[in-house]
K.L.:
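Take a look at this one; I'll ask things after.
Keep in mind that what you see is a predicted model, and the values were worked out from it rather than measured.
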Amino acid sequence: MYPNIYADTIGYQEKTTFWDDFSIADEMFGPAVVQETFDRAFEDWKDNCEYLTELVLVLNWKLWQQYERKNKDLYELYYKLWEQADEYACNNLKGADLDYFYTTTD
């Protein structure tokens, strides 16, 4: 639905609809719905290593997309959400899950 040039650039095969979900939220509804989308995705998937990793990736890609578009409000929101998800992953993933996270996000 919404092409993800960031995933295509690094050859990442997406496992979720996070990119489309956030694209719909930010393009059609704005910051409040981006926050709601994050809250729902994070709560539902924070215990799934692969989905949490992809959430962190998508938030990073979206913050850069909004930076390039000079959309300060969405850039700052995505940055805050990325920090929250990244910190959670770094502090809560262990062993092979943490290795997967670092390898995938590097």
K.L.:
Please report the interatomic distance CG(L77) to CG(N71), rounded to the nearest 0.5 Å.
P.N.:
10.0 Å

K.L.:
Mind checking side-chain contact (heavy atoms from CB on, under 4.5 Å) for N60 and listing every partner two or more places apart, or none if nothing turns up?
P.N.:
L63, W64, W82

K.L.:
By side-chain hydrogen bond (donor to acceptor under 3.5 Å, both in side chains), which residues pair with T105, not counting sequence neighbours?
P.N.:
none

K.L.:
Is the number of heavy atoms from other residues, nucleotides or ligands under 6.0 Å of F42 CZ greater than 12?
P.N.:
yes

K.L.:
Please report the interatomic distance CG(D86) to OG1(T53), rounded to the nearest 0.5 Å.
P.N.:
10.0 Å

K.L.:
Please, which pairs that meet salt bridge (charged side-chain N to carboxylate O under 4.0 Å, His left out) have at least one residue in residues 52-67, sequence neighbours excluded?
P.N.:
D26-K62

K.L.:
Tell me, please, which residues at least two apart from W61 pass side-chain contact (heavy atoms from CB on, under 4.5 Å).
P.N.:
N4, Y6, A7, I10, Y12, W19, L57, V58

K.L.:
I'd like to check the side-chain contact (heavy atoms from CB on, under 4.5 Å) partners of T17; sequence neighbours left out, ordered by chain and number.
P.N.:
D21

K.L.:
Might you point out which heavy atoms bring A85 and L52 nearest each other, and give the distance in Å?
P.N.:
O-CD1, 4.4 Å

K.L.:
Which residues pass the salt bridge (Lys or Arg N to Asp or Glu O under 4.0 Å) test with R69, not counting sequence neighbours?
P.N.:
E27

K.L.:
Once side-chain contact (heavy atoms from CB on, under 4.5 Å) is applied, do any residues pair with I5, and if so which ones, sequence neighbours excluded?
P.N.:
none

K.L.:
Got a sec, which pairs hit salt bridge (charged side-chain N to carboxylate O under 4.0 Å, His left out) with one end in residues 28-45, sequence neighbours left out?
P.N.:
E43-K46

K.L.:
Mind checking what makes side-chain hydrogen bond (donor to acceptor under 3.5 Å, both in side chains) contact with K80, not counting sequence neighbours?
P.N.:
Q35

K.L.:
Side-chain contact, heavy-atom cut-off 4.5 Å: L55 with F22?
P.N.:
yes

K.L.:
Using the test salt bridge (Lys or Arg N to Asp or Glu O under 4.0 Å), find all partners of K70 that sit at least two apart in sequence or belong to another chain.
P.N.:
none

K.L.:
Identify all side-chain donor-acceptor contacts of residues 89-101 below 3.5 Å with residues at least two apart in sequence or on another chain.
P.N.:
| residue | atom | partner | partner atom | Å |
| --- | --- | --- | --- | --- |
| N91 | ND2 | E87 | O | 3.2 |
| N92 | ND2 | Y88 | O | 2.9 |
| K94 | NZ | N91 | O | 3.2 |

K.L.:
Less than 4.5 Å apart, side chain to side chain, heavy atoms only: is that true for Y78 and L59?
P.N.:
yes

K.L.:
Could you check whether any side-chain heavy atom of T37 comes within less than 4.5 Å of a side-chain heavy atom of V33, counting everything from C-beta outward?
P.N.:
yes

K.L.:
Roughly how far, to the nearest 0.5 Å, is the CG atom of D20 from the CD atom of E14?
P.N.:
7.5 Å

K.L.:
What residues, two or more places apart in sequence or in another chain, satisfy salt bridge (Lys or Arg N to Asp or Glu O under 4.0 Å) together with E68?
P.N.:
none

